[in-house]
> 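My questions all concern the structure below.
All chains are named by letter (A, B, ...) in the order of the sequence lines, taking the proteins before the strands, and each is independently numbered beginning at 1.
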There are 2 protein chains.
Amino acid sequence: MKAQLSKLSKRDQLIQTAVKLFAKNGIHATGVDSIVEQSGVTKKTLYAHFRTKEELVLAVLRHYDGLARNEFMRKVERRATTPRARLLAIFDFAQHWFQQHNFYGCLFVNTIGEYSGKDTPIRQICKEYKKLVKDYIHSLCQQAGVKNPQGLAEELALLLEGATVTAQVSQNPKSAQIAKRAAKALIDKALPPR
Amino acid sequence: MKAQLSKLSKRDQLIQTAVKLFAKNGIHATGVDSIVEQSGVTKKTLYAHFRTKEELVLAVLRHYDGLARNEFMRKVERRATTPRARLLAIFDFAQHWFQQHNFYGCLFVNTIGEYSGKDTPIRQICKEYKKLVKDYIHSLCQQAGVKNPQGLAEELALLLEGATVTAQVSQNPKSAQIAKRAAKALIDKALPPR
DNA sequence: TATTTTGTATACAGATCTGTATATAACTTC
DNA sequence: GAAGTTATATACAGATCTGTATACAAAATA
């Protein structure tokens, strides 16, 4: 059951395999043995690149952080041109995301859920990811000329978060439309359409 | 390190201890040995009441479902009298919840995160909980005389969900205030204050 | 008071977990 | 082409996991 990862470095094969397994089954439920088996890389090699499983987890989160934020911004900007339309396009992107067959909610949220009590570097990365997403929304609000861009960005980020969790739990992607409807009302209030 | 659970049945001692450990450390990371140790109940007794760990998990979720929803509704109704004010009081309750020292996010969301890929009865309970919370919000919307109570309930439930996750990840309870601000705008739109 | 239930205490089986050790093959690079 | 790097294959150590077995004590019930 090896994947087609021949062109990648061993390190990347491990990370990409681990991302999939962590997202689908959770971190504690995913043993390094299954990562080794499905990546087609030896355990010895894994521990040559990462000193512990936790270091692999960190690498996976950092990898996914860059990947996910990049795709988020790219797709939002492709779907609309004006800042205002882009704020709404966030939720069209979300709906598309929720419909992916391998959508298992936000990896960072799921990870925090497994490390609620502990205070490891893992938590820091998850926290940072959410901050950067909000910063991006904030920049769109600024570009749109909103009076209180921070306030609107916080509200829209909350809606996106809620829609994501709801889609994950209820297994229904329509939460994106609900969030979009609410977002439109909040945007219209913060920036009356002329 | 036994807790003071003398008045409870062995079954309840196990459930209450398990709730705490699952919430704090996650389910897969919590071994039955630690539940046994901290509850002051023998492993033999645990397996007399629950055939497997998964059955204990189910009992814990069902127990917490009743407990949490009951407290949610009770506290919301104590904080305000009119349906409209109660819709807003949801977020005051949330802020208070987020500030608890043992707040580790929503147990059901964290649980789903650990069972994303599988389709066990566990998922069903989490799904049902979210539905019942939304139904309660829906009933408040109806009582308030909102034209589209379903629509507003969906939006407010999304805000509550987003605020909860955000408070958990960013470890900052102010997300409740943000959600309340957004909720107020949405409520005012759906039910203009006279 | 005899019996059944319910619990404790503890050890164990078998699987799985993280991480390491050993020995060997392939691929760079000088 | 020799040296050094980077893999593979595989076995193992030691801990921890779920679940069971054995032997005994306490408490309720008949």
> Just the atom pairs and distances: protein N or O near nucleotides 5-8 of chain C's N or O, under 3.5 Å.
from	atom 1	to	atom 2	distance (Å)
C/dT8	OP1	B/G40	O	3.4
C/dT8	OP2	B/T42	N	3.2
C/dT8	OP2	B/T42	OG1	2.7
C/dT8	OP2	B/T45	OG1	2.8
C/dT8	O5'	B/T42	OG1	3.2

> Using atom CD1 of B/I35 as one end and atom P of D/dC17 as the other, report the distance to the nearest whole Å.
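Whole-Å distance recorded here is 10 Å.
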
> Specify the separation, in whole Å, of atom CG of B/D33 and atom P of C/dT10.
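My rounded result for the distance is 14 Å.
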
> Let me know the distance between CD of B/E55 and C1' of D/dG19, rounded to the nearest Å.
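Atom CD in B/E55 sits about 13 Å away from atom C1' in D/dG19.
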
> Roughly, in whole Å, what's the span from CG in A/L46 to C1' in C/dT20?
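Value for this atom pair: 13 Å.
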
> Rounded to whole Å, please give me the gap between OH in B/Y47 and C1' in D/dT22.
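Spelled out: OH on B/Y47 to C1' on D/dT22 is 18 Å.
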
> Evaluate whether atom NZ of B/K189 has more than 12 neighbouring non-hydrogen atoms of other residues, nucleotides or ligands under 6.0 angstrom away.
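Not more than 12 within 6.0 Å, no.
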
> Centroid separation under 6.0 Å, is that true for the rings of A/Y115 and A/H28?
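Between A/H28 and A/Y115, the centre distance is under 6.0 Å.
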
> Which residue, B/D92, B/L140, B/I137, forms the side-chain contact (heavy atoms from CB on, under 4.5 Å) with B/R86?
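Among the candidates, only B/L140 passes.
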
> Calculate the interatomic distance between B/E37 atom CD and D/dT16 atom P; express it in whole Å.
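Distance, rounded to whole Å: 12 Å.
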
> Name all pairs fulfilling the side chain to side chain donor-acceptor pair (under 3.5 Å) condition that reach into residues 136-147 of chain B, sequence neighbours left out, sorted by first residue then second.
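As it turns out, the side chain to side chain donor-acceptor pair (under 3.5 Å) pairs with a partner in residues 136-147 of chain B, which skip direct neighbours, are B/E77-B/Y136.
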
> Just the rounded figure in Å: distance from P of D/dT18 to NZ of B/K43.
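In whole Å, D/dT18 P and B/K43 NZ are 8 Å from each other.
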
> Would you say the side chains of B/Q150 and B/E154 form a donor-acceptor pair under 3.5 Å?
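There is such a pair between these side chains.
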
> Without decimals, in angstroms, what is the distance between B/H28 NE2 and C/dT16 P?
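Going from NE2 in B/H28 over to P in C/dT16 covers 14 Å.
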
> Does the plane of the ring in B/W97 sit parallel, tilted or perpendicular to the ring in B/F103? Use 30° and 60° as the thresholds.
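Taking B/F103 first and then B/W97, their aromatic rings stand perpendicular (interplane angle over 60°).
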
